[in-house]
Amino acid sequence: MFELNPDESYAHLNEGMFQTLLRRYPPKKISPHLKEIVYLLMSELLKGELVVSFNKLEPSLIQREGWPESYKKALLESGWVDGQDSPIIIFENQISWRKWHLDMTRLINKLHNKVSINNNFSSKIDNLRVLTTQRKYNVEQLSAIKAISTHDLVLLSGGPGTGKTSTVVGVLEEALSQNPELKIGLSAPTGKATRRLKETIQQNLKQKTKFSQNLANMPCWTLHRWLEAREGGFGKNKTNLIDIDLLVVDEMSMVDLLLMKALIDALKEETKLLLVGDPDQLPPIEIGAVWNELHKAEQLKKFGDAAITLKQKYRNLGDIAELSEVLCKKGSLEFWDKCDNLPRNSNFKKIESDQAGIPSYVIDRLQRNSQELKKLTKQLRPNLINVKEKNQIQEEINKAAQNLFKYVDRLLILCPKRKGIWGVDQIHKQILGEKLGHGISTWPEGTPIMCCSNQPEFDLANGDIGITIGESFNQRLLFRVISNNEKKITFHMLHPSRIKKLLPALAMTIHKAQGSESNEVIVLWPKCNSHYLTNPRSSIKELSLHETSMLYTAITRAKESVHLITTC
């Protein structure tokens, strides 16, 4: 698993790959450009991308002497692109690792083939059954609802606040209106993303319709749970298909090539797919950004009216929305300029700080938050004493537990990296001190924690957030989960020894925060984060495409306010 972090380990990884290629595919003609080509391809893999374009004009490339012609010539003369067994492929003035390029091409072709007229649902779409006065949809949303009647695959894209979830509800109601017996499932790549999907769908069901109960009871699991992930592979595959008629996959920007291949292989040919996501978000940590590939202009064209982009905003996010749009459409230079000229009452604030240590604003905010969490957990603890492990928390305790987690969701502190200046580890060391290395039993009551393993026996997924209850030998961990059996959000209390891997979650990397939302988001963005910039003359405000996606992902986690902290 790759996470953005420019430390020496990646240099060793790149060098190891280059040496492996030299041994397995001795070049016909050696050139120093070959090593740089390998490094460039590996750098793109760290961002979830498979391709390096010879037309690319990012700062990391424009300073390379002889780019691109000398590099292309060196590659052709090496023999590394000759034949079907060669490691690299050249196509459309781009280069890629041959295996992954072919895997991605085959996957995209399979998805294209699903966009076809089918007979599973009624083809009479002039009078959609869900178009009642109970719900109102705009033209783009209606297009998505219509598309599920005529296509086996629909792509639904949009930024925050554009009504993606309400559109999903409309699509599902339309599907059920045509066939009430349909087996429908909801999914996302991570536990927190599935829980958020479940919660937002439940919020949309406050306006009751005849299908509200069906929607409330739909299973909402991670993709790994749907695929029955196990060591060495998946229980669901070509010979053991998932029994589902329609599957919704949310947060598609996080889905990598291997996971999407496994999903397509495990679905029946006639299973409908509704893929939902924001193409401006970060690509997946693992190899192959499927959602990015699907949103290339030449690919979207092939999907025709099965690809819908929602543009109308329904949530007023103020300057957060405006700056997010500026960052994606006009670039980082204009984004930073606008950050410097915001009104005092803006819900987006830029703060400059010395990078010698974690900014005092962050420490003060965390300490105040920790005090409140400790107070709330102490209030809840007496009610939890007699609750057995893994048992559902009693109904009368639910409200107190919900209030506790609502407070956990109020603040999100995000860092580009786990290690280094303004990294997650540095924040945890500063707040927890020596206790950090002495084990979870020494951490204060009310400390947010992250489960870092998939443990379906406890309804837990990698990335799920919990909180410590009690201290020392009496300590327990309270998690908010989607119950596998009851298909609803509930709470489980577990002994710390039951969890395979735990980390504190006072702060988290931007990658880990995907699929989350919070009232208040604090983003630490040190200037040294722009490590891809190799041109000393370029502005420090100029970000690579990957860094732009990272910053966009961070600030769009916020529902109410953003504090973006940069170095002086």
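Note that the structure is a prediction, hence the values are computed from the model and not measured.
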[Y] and [X], any side-chain heavy atoms less than 4.5 Å apart:
{"X": "Leu172", "Y": "Leu246", "result": "yes"}
{"X": "Asp265", "Y": "Asn237", "result": "no"}
{"X": "His546", "Y": "Pro283", "result": "yes"}
{"X": "Ser53", "Y": "Asn93", "result": "no"}
{"X": "His511", "Y": "Thr553", "result": "no"}
{"X": "Met450", "Y": "Asp464", "result": "no"}
{"X": "Leu41", "Y": "Ile88", "result": "yes"}
{"X": "Arg498", "Y": "Leu460", "result": "no"}

Write down the atom of [X], the atom of [Y], and the distance for their closest heavy-atom approach.
{"X": "Ala262", "Y": "Leu227", "result": "O-CD2, 3.6 Å"}
{"X": "Gly235", "Y": "Asn240", "result": "O-ND2, 3.0 Å"}
{"X": "Val169", "Y": "Tyr137", "result": "C-OH, 4.5 Å"}
{"X": "Met254", "Y": "Pro189", "result": "CB-CG, 3.7 Å"}
{"X": "Lys311", "Y": "Glu140", "result": "N-OE1, 2.9 Å"}
{"X": "Glu44", "Y": "Val51", "result": "CG-O, 3.5 Å"}

**Prompt:** With under 30° as parallel and over 60° as perpendicular, where do the rings of Phe335 and Phe348 fit, or are they tilted in between?
**Reply:**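 Ring orientation, 0 to 90° scale: perpendicular.
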Hey, is the main chain of [Y] close enough, under 3.5 Å, to the side chain of [X] for a donor-acceptor pair?
{"X": "Lys192", "Y": "Gly463", "value": "yes"}
{"X": "Asn347", "Y": "Asp319", "value": "yes"}
{"X": "Trp226", "Y": "Leu186", "value": "yes"}
{"X": "Gln455", "Y": "Lys500", "value": "yes"}
{"X": "Lys114", "Y": "Glu269", "value": "yes"}
{"X": "Lys198", "Y": "Ala193", "value": "no"}
{"X": "Lys164", "Y": "Gly159", "value": "yes"}

**Sole residue of Lys272, Lys268, Lys183 in salt bridge (charged side-chain N to carboxylate O under 4.0 Å, His left out) with Asp245** =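 Answer to the salt bridge (charged side-chain N to carboxylate O under 4.0 Å, His left out) test with Asp245 among Lys272, Lys268, Lys183: Lys268.
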State whether a side-chain donor-acceptor pair under 3.5 Å links [X] with [Y].
{"X": "Thr165", "Y": "Asn204", "answer": "no"}
{"X": "Ser561", "Y": "Glu520", "answer": "no"}
{"X": "Glu174", "Y": "Gln178", "answer": "yes"}
{"X": "His112", "Y": "Gln299", "answer": "yes"}

**Request:** Using the side-chain contact (heavy atoms from CB on, under 4.5 Å) rule, take Trp100 and Leu258 through it: C-alpha gap first, then chi angles, then the decisive distance, then the call.
**Result:** CA-CA 10 Å; Trp100 287 317; Leu258 178 63; over 6 Å; no
**Complete:** With sequence neighbours left out, the residues meeting side-chain hydrogen bond (donor to acceptor under 3.5 Å, both in side chains) with Glu322 are none
**Asked** Any salt bridge between Glu199 and Arg195, counting N to O under 4.0 Å?
**Response**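 Result for this pair is yes, salt bridge flagged.
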**Electrostatic pair Asp103:Lys99 at N-O distance under 4.0 angstrom** = yes
**Prompt:** Please walk me through it: do Ser253 and Asp278 pass side-chain contact (heavy atoms from CB on, under 4.5 Å)?
**Reply:** CA-CA 6 Å; Ser253 62; Asp278 182 348; 5.7 Å; no
**Message:** Ring centroids only, cut at 6.0 angstrom: are His492 and Phe458 within range, meaning strictly under it?
**Reply:**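 No, the ring of His492 stays outside the 6.0 Å limit from the ring of Phe458, centre to centre.
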**Prompt:** Quick check, are the ring centers of Phe405 and Phe491 under 6.0 angstrom apart?
**Reply:**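 Ring centres of Phe491 and Phe405 closer than 6.0 Å.
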**Message:** So, taking the atom named CG in Leu153 and the one named NZ in Lys110, what distance separates them when rounded to the nearest 0.5 Å?
**Reply:**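 Those atoms lie 13.5 Å apart.
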**Asked** Quick one: which of Asp459, Thr490, Asp409 gives a side chain to side chain donor-acceptor pair (under 3.5 Å) with Arg480?
**Response** Asp409
